[in-house]
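Each remark here refers to the structure printed beneath this line.
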Amino acid sequence: MRHTLIAIGILLTAMPATALAQAKGKGIRLWNLTSETISGFQLSPAGKTEWGPNQTLNDKDKEVDHDERLRITGVEPGLYDARVSYPNARQCVVRDIEIKADAVFSIADKDLKDCTK
């Protein structure tokens, strides 16, 4: 009985690290294939303007360089529009992005619409 309790204790102690290791590398990610560094990235259900939080704040330097990936948090799989902001104050919209669980989605210059400066 004592050995069983010790084994259970070891498993419970190791479990959070295992769960963290499994979660690392998974999740929803944006792949920036635009030609510029992104300074703001907000999502809204497709066809609405209910913009969520700035996802670039999830990055250590708060920006997403060309060819960099960004972890997206607090978003369920579905169809979204995105508001993309750049350091030069330009903003664009990307429409109808299909976001899947534990998958990478990308945006490129050709996806940018309704840009303003």
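Predicted model only: the values in this text are computed from it and were never measured.
In this structure, the separation between CZ on Arg83 and OG on Ser44 is 9.0 Å, given to the nearest 0.5 Å. Between atom NZ of residue Lys117 and atom SG of residue Cys92 there is a gap of 11.5 Å, rounded to the nearest 0.5 Å. Distance check, rounded to the nearest 0.5 Å: CD of Gln42 to OG1 of Thr49 gives 11.0 Å. Taken to the nearest 0.5 Å, the CD atom of Gln55 stands 12.0 Å off from the CD1 atom of Ile38. How far CG of Asp59 is from CZ of Arg71: 11.5 Å, rounded to the nearest 0.5 Å. Interatomic distance, CG of Leu43 versus NZ of Lys48, reported as 14.0 Å (0.5 Å rounding).
Side-chain N/O atoms of Ser85 and Gln91 include a donor and acceptor closer than 3.5 Å. Checked by atom type, the side-chain pair Thr37/Asp65 shows a donor-acceptor distance below 3.5 Å. Judged by distance alone, the side chains of Trp31 and Asp67 do bring a donor and an acceptor atom under 3.5 Å apart.
Side chains of Ile72 and Ile99 form no contact here, defined as non-hydrogen atoms less than 4.5 Å apart. Counting heavy atoms from C-beta on, the side chains of Asn32 and Leu70 never come closer than 4.5 Å. No side-chain heavy atom of Asp96 sits under 4.5 Å from any side-chain heavy atom of Tyr80. Side-chain contact check for Asn58 versus Phe41: every heavy-atom pair is 4.5 Å or farther apart. Inter-residue side-chain proximity for Asp81 and Lys113 is flagged as unmet; no heavy-atom pair is nearer than 4.5 Å. With contacts defined as side-chain heavy-atom distances shorter than 4.5 Å, the pair Val104/Arg69 qualifies.
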- Message: Go through it in stages, so that I can follow the logic: the residues are Asp111 and Arg95, the test is salt bridge (charged side-chain N to carboxylate O under 4.0 Å, His left out), and I'd like the CA-CA distance, side-chain angles, deciding distance and then a yes or no.
- Response: CA-CA 8 Å; Asp111 303 318; Arg95 300 199 190 286; over 6 Å; no
- Derivation and outcome, side chain to side chain donor-acceptor pair (under 3.5 Å), residues Ser35 and Asp109: CA-CA 7 Å; Ser35 57; Asp109 289 335; 2.9 Å; yes
- Task: Given side-chain contact (heavy atoms from CB on, under 4.5 Å), test Glu68 with Glu63 step by step and report yes or no.
- Result: CA-CA 9 Å; Glu68 182 180 1; Glu63 293 184 326; over 6 Å; no
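Taking hydrophobic clusters as Ile, Leu, Val, Met, Phe, Trp and Tyr residues chained together by side-chain heavy-atom distances below 4.5 Å, Val93 does not share a cluster with Leu79.
When the options Ile97, Val84, Ile107 are evaluated for a side-chain contact (heavy atoms from CB on, under 4.5 Å) with Leu30, the one that passes is Ile107.
The backbone N or O of Thr34 lies less than 3.5 Å from a partner atom in the side chain of His66, making a donor-acceptor pair. With Asp102 contributing its side chain and Gly27 its backbone, the two residues share a donor-acceptor pair below 3.5 Å.
Pro87 approaches Ser39 most closely through the heavy-atom pair N-OG, 3.4 Å.
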